[in-house]
Every structure is written in C-alpha cells, then in structure tokens.
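Here is the structure we will look at.
Order of the sequence lines sets the chain letters (A, B, ...), proteins ahead of strands, with each chain counted from 1.
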Number of protein chains: 2
Amino acid sequence: MDKRSENIPNIIIRRLPIYYKHLKKLKNRAKEYISSEELAELTGFSSSLIRKDLSYFGNFGRKSYGYDIYCLLQELSIIMGFNHPKNLIIVGAGHLGQALVHNKGYEERGYKLKGVFDKNPKLIGLFLDDIKIRSVEEMCDFVKEEKIDIAALTVPKGVAQKTAELLIEAGVIGIWDFTEVALKVPNNILLEEQHINEGLCKLSCKINQNFN
Amino acid sequence: MDKRSENIPNIIIRRLPIYYKHLKKLKNRAKEYISSEELAELTGFSSSLIRKDLSYFGNFGRKSYGYDIYCLLQELSIIMGFNHPKNLIIVGAGHLGQALVHNKGYEERGYKLKGVFDKNPKLIGLFLDDIKIRSVEEMCDFVKEEKIDIAALTVPKGVAQKTAELLIEAGVIGIWDFTEVALKVPNNILLEEQHINEGLCKLSCKINQNFN
DNA sequence: TAGATTGTTAATCGATTAACAATC
DNA sequence: TAGATTGTTAATCGATTAACAATC
C-alpha cells in the first residue's frame, strides 16, 4: 500500500495546507520549479524540514531543479484527499452558520455543501444563495439519504453535545466544531475544533508579555 | 520581574486557553479543588505535562489537594492578560465580519469591540447590534483616536495586504487575520491567523487516510 | 499516621536541523 | 565540468513523561 494512505503524523498534516497555500499563489507564474530553500523563505519552515516532509510521501523533487510547482500542488491535493468527494452540511444558521454558507473554500477541497439546518421557524425555508435552510427535524434523515460525511456545528453551546450525538448516530464521520465546547465523540469520529476565540487568547497573552 | 511577563514558550501558550476552557466549566461546581490527574482526563494532556506547564508560572497547587479551581482560573486569566483592556475593530463587514460582531467572547478576554469598517456604501451607516458600520476612509483616524490594539481582518484577499499595512501604519499592534492570505507584517506586529479552511484540509486528509 | 498529590529532576521520546553523498 | 539541489542519515535540540522526594 502507498505511503500516502498510511498514518501521516499529525505534525506533518498541519504543515500540508500551508505548503499548499503558498504554492497556489505561484501556480500562474512563469517559473516552473521551486527549491525547498525558496519555499522555506515563503513558509518560514526550514528547507530541511520541507524536504523531509515531502519525502515522507515520495520523491517529488528533481535534483538541481527543485520541485515542479504544478506537480507538487497535484500531489499535495491527492495526499490531502481533495479529489475524494465529501458531502457537508452546516448545522445552525445563526450569523456564523450563514457566514460559512458563503465560504469559498469547499469546492477546491472536494467538499459539496448539501444543506443548512436550524430550529428557528423564522429561518426555516429561507434561502442563502441557493441553499435552503431546513428544519433540524429533517437533519438525521437528510444525513442518511444524502450520505453526509462532515457536519459543521454552529449551534448554541447548550445543544452542541446533543446535536453532535444525533449527527454521529445518523452517520457523519467528522465534525467541524465551532461551538467552543469540548465535545465528547467516539474515537472513530473525526473532530476538528475551530475555536475562534483561542486566537484572541493568544493575542491577549502576547500583548501582555510585550507590555509587562 | 515576574515569570509571568517573560517569554512564555509558544507551546505552553497554546495549551493555556484549553486549561481555561475546561476549568470554566467546573467553576460553579461544589468541588473546590481539581487534581492534575482529573484535569488530564478532561483535556487529554498528561498530568505530568499539566503540572509542568502550571509550575512554569508559579506554585498554584496545594500538595495532596490539587489546584483551587477558582484561583487557577484567576491566575490563568492574569497570565493570558484578560484583565488588560484591549480595543478591537473589525475590518470588512461581509458575512464573516458580521458574524464576528456577534461573537460573545470579547468581554471575558478583555477586548472591547469599538468599530466595524467596510467600503461598501450600502453597508456604511448600518448598525449591527449597537455597532455602526463606518467607511474604511475613517479607519486610520479611528485607530489613532480610539487607540485600537487589534484589528480583525475579514476583507477580500485582494486588499488584505494593503489593508494590513494601513492598519499597522495607523498603530494597531496585532492582526487577527481571517483572509487566508499569507500576510507579511513587521516582526513587532502580532499576527494571529485564523485560517478556517485549514480545518477542512485536515478533515479531508484524515478521511482520505481512513478509506484508502 | 497513611494516602494523596504537588513540583521538579532525570530519562525518554520525538521532531528538527546539519551535513553530505547522489545526481541532474 | 561546475554548480545546484534533492533525499536521507546522523547529530542536535526540545518537549514530554516517568519517577519520586517533599509535604499537606
């Protein structure tokens, strides 16, 4: 079996989107190749680390040239599974949920936004772009019928755990959690926590250091 | 000078909000003390690591009892500088910017949301809760006059770098960046990147591993 | 006192970097 | 050929864990 499908160390996984982001900016440039040294300059990681990370997945580089930007983007895309189609729903159509409907990042990463759910009758039936807000009552059936893989969770804290359990029961394999609650999920379920306010904590912490 | 104000290792800073989050949930419980072992269970970090992290800042524990939950929360709050007041603006009143206006996490961490800015004339003058959307034309003066410390950046990618430069020029000391652009900022400026779609990358990556 | 749990040291583990042979 | 740059090994660095004396 290909190295790509084995258990990639988390520490490498975290850097892959960063390599990807920087390479994408270079895609339309005249230059075809990029050296690990140049990529190091862009990302802030050492060239040594970059070569090591990439060599984990295969020999993508060409000695004395560097890495073909287009090919490397393709490879990263495959490694991160962007070519594997995934169905997504958003649960909670409050301000954050609505903002997520308009996020432009889904398609490129292989996600298809299939639905948005809320329990507020005033919201149910409304359209956000071409996505209809549905009742949470329909959520579980929808997950089963539409083979939803991932649910973005933007519900109030109080119902976060219960909603997560319903979603898992219905068959989602991953939760993209925005609720700032420490969800308990079985360990075969993927949990990606997007704790927005942690950013504020870190900034506060660092401001405090600078001025004491 | 107090240890608290020295350069806290980043790896510790990252765990502080997590300790804080879990302790806050216990604040109103009958139990006064928590052991590192119990906190380990909640956070997933080892008790050894937790004791080591906390001892970096002082001796907050009490042998054979554990840590006083209330006191520890207070200490963490001080370490992270939540008692230090900070002024915040949001630049870009699109869907995400609007969602951030409604975020409930500011006050507790010492932030005061002072303003929201956009360049769209249709939005300028509107109110989101009690916050008026102002023109970006006013932004720089506002930053100076209101002594803004941090700007949340939710503008389109194309104007991200330029807007960041204006903000820094005007005097902000930190940028809370939601633009998914690799901003270049001087190294005395704090940059906290909230790259929302990286969560989707990681989820995609892990789904791909599981099913290959 | 016996049991519990901290704070800290030493041992271990894992991640990063330096260095360089291979080779384009 | 000389110069550039990869892929990989060994050395280093840093973070985590194990263990335990101190002590409540």
Side-chain angles (χ1 to χ4, degrees), chain A residues 2-4 6-19 22-23 26 29 31-76 79 202 205, chain B residues 2-4 6-19 22-23 26 29 31-76 79 202 205:
Chain A
D2 191 333
K3 193 80 176 264
R4 278 172 210 155
E6 281 167 39
N7 234 29
I8 308 167
N10 253 292
I11 202 124
I12 298 183
I13 289 186
R14 263 191 273 149
R15 287 189 289 259
L16 297 179
I18 299 170
Y19 297 140
H22 286 276
L23 288 167
L26 306 174
R29 297 248 182 105
K31 235 171 118 275
E32 233 178 306
Y33 286 87
I34 186 169
S35 70
S36 59
E37 198 54 63
E38 288 170 284
L39 196 47
E41 205 121 317
L42 292 172
T43 60
F45 305 129
S46 78
S47 63
S48 206
L49 183 60
I50 292 170
R51 290 199 301 280
K52 194 140 211 264
D53 278 354
L54 296 178
S55 74
Y56 181 87
F57 302 100
N59 295 9
F60 304 143
R62 199 175 148 194
K63 286 192 174 73
S64 100
Y65 288 81
Y67 300 87
D68 180 303
I69 293 170
Y70 181 80
C71 291
L72 189 50
L73 269 167
Q74 287 292 105
E75 292 290 353
L76 284 170
I79 292 163
K202 286 187 229 162
C205 201
Chain B
D2 190 333
K3 194 80 177 266
R4 276 173 211 152
E6 282 167 39
N7 234 28
I8 309 168
N10 253 292
I11 202 124
I12 298 184
I13 289 187
R14 263 191 273 151
R15 288 188 290 258
L16 297 179
I18 299 171
Y19 298 140
H22 286 276
L23 289 167
L26 305 173
R29 297 250 183 104
K31 236 170 118 275
E32 233 178 306
Y33 286 86
I34 187 169
S35 68
S36 59
E37 197 55 62
E38 288 169 285
L39 195 47
E41 205 121 315
L42 292 171
T43 59
F45 305 129
S46 78
S47 63
S48 206
L49 183 60
I50 292 170
R51 291 199 300 281
K52 194 140 211 267
D53 278 354
L54 297 178
S55 75
Y56 181 87
F57 303 100
N59 293 10
F60 304 142
R62 199 174 148 194
K63 285 192 176 72
S64 101
Y65 288 81
Y67 300 86
D68 180 302
I69 293 169
Y70 181 80
C71 291
L72 189 51
L73 270 167
Q74 287 293 105
E75 292 289 353
L76 285 171
I79 292 162
K202 288 187 226 161
C205 200

*Taking atom OH of A:Tyr65 as the centre, does the number of heavy atoms from other residues, nucleotides or ligands within less than 6.0 Å exceed 12?*
no

*asked:* Minimum heavy-atom separation for B:Leu39 and B:Ile50, please, with both atom names.
replied: C-CD1, 3.7 Å

*Where do A:Cys71 and A:Asp68 come nearest, in terms of heavy atoms and distance?*
N-OD1, 2.9 Å

*Which nucleotide in D:dT8, D:dG3, C:dT6 has an atom nearest any side-chain atom of A:Asn59*: D:dT8

*asked:* Nearest whole Å is fine: how far is D:dT5 C1' from A:Leu39 CG?
replied: 14 Å

*Could you check which of C:dG7, C:dA19, C:dA22 has an atom nearest any side-chain atom of A:Arg51?*
C:dA19

_Atom-pair distance (CD1 on B:Ile69; P on C:dT6), nearest Å_ = 12 Å

*Just wondering, do A:Glu75 and A:Phe57 contact through their side chains at under 4.5 Å, heavy atoms?*
no

*In whole Å, what is the span from the CD1 atom of B:Ile11 to the C1' atom of C:dT16?*
12 Å

*For D:dT16, take OP1 and OP2 only and decide whether either is under 4.0 Å from a side-chain N or O of B:Arg15.*
yes

*Whole-Å distance between D:dG14 P and A:Leu49 CG?*
14 Å

_SB check B:Glu38 B:Lys31 (cutoff 4.0 Å)_ = yes

*Name the nucleic acid region contacted by B:Ser36, choosing base, sugar-phosphate or nothing; use a 4.0 angstrom heavy-atom cut-off, strictly under.*
sugar-phosphate

*Please work out whether the ring planes of A:Phe45 and A:Tyr19 are parallel, tilted or perpendicular, with thresholds of 30° and 60°.*
perpendicular

*Can you tell me if the side-chain N/O atoms of A:Tyr33 get under 4.0 Å from OP1 or OP2 in C:dC24?*
no

*asked:* Mind checking if A:Ser35 touches a base, just sugar-phosphate, or nothing, with heavy atoms under 4.0 Å?
replied: sugar-phosphate

*Return the value, rounded to whole Å, for the distance between atom OH of A:Tyr67 and atom P of C:dC24.*
15 Å

_5′-ward residue of the pair B:Ser48/A:Lys52 relative to DNA chain C_ = B:Ser48

*asked:* Check the phosphate of D:dT23 against B:Ser64, side-chain N and O only, distance under 4.0 Å to OP1 or OP2. Yes or no?
replied: no

*Closest to the B:Ser55 side chain: D:dA15, C:dC24, C:dT8?*
C:dT8

*Starting at the 5' end of DNA chain D, what dot-bracket string do you get if Watson-Crick and G-U pairs under 3.5 Å are bracketed, crossing pairs use [ ], other-strand pairs use | and unpaired bases use dots?*
..||||||||||||||||||||||

*Using a 4.0 Å heavy-atom cut-off across all strands, classify B:Phe45 as base, sugar-phosphate, or nothing.*
nothing

_Spacing between A:Ile50 atom CD1 and D:dT8 atom P, to the nearest angstrom_ = 17 Å

*asked:* If I take atom CG in residue B:Asp53 and atom C1' in nucleotide D:dG14, what distance separates them, rounded to the nearest angstrom?
replied: 14 Å

*Close side-chain approach of B:Leu23 and B:Leu42, heavy atoms under 4.5 Å*: no

*Looking at every strand, decide which applies to A:Arg62 at a 4.0 Å heavy-atom threshold: base, sugar-phosphate, or nothing.*
sugar-phosphate

*Close side-chain approach of B:Arg15 to B:Thr43, heavy-atom, < 4.5 Å*: no

*What integer distance in Å separates B:Tyr56:OH from C:dT9:P?*
15 Å

*Do any side-chain nitrogens or oxygens of A:Ser46 fall under 4.0 Å of OP1 or OP2 in C:dT17?*
yes

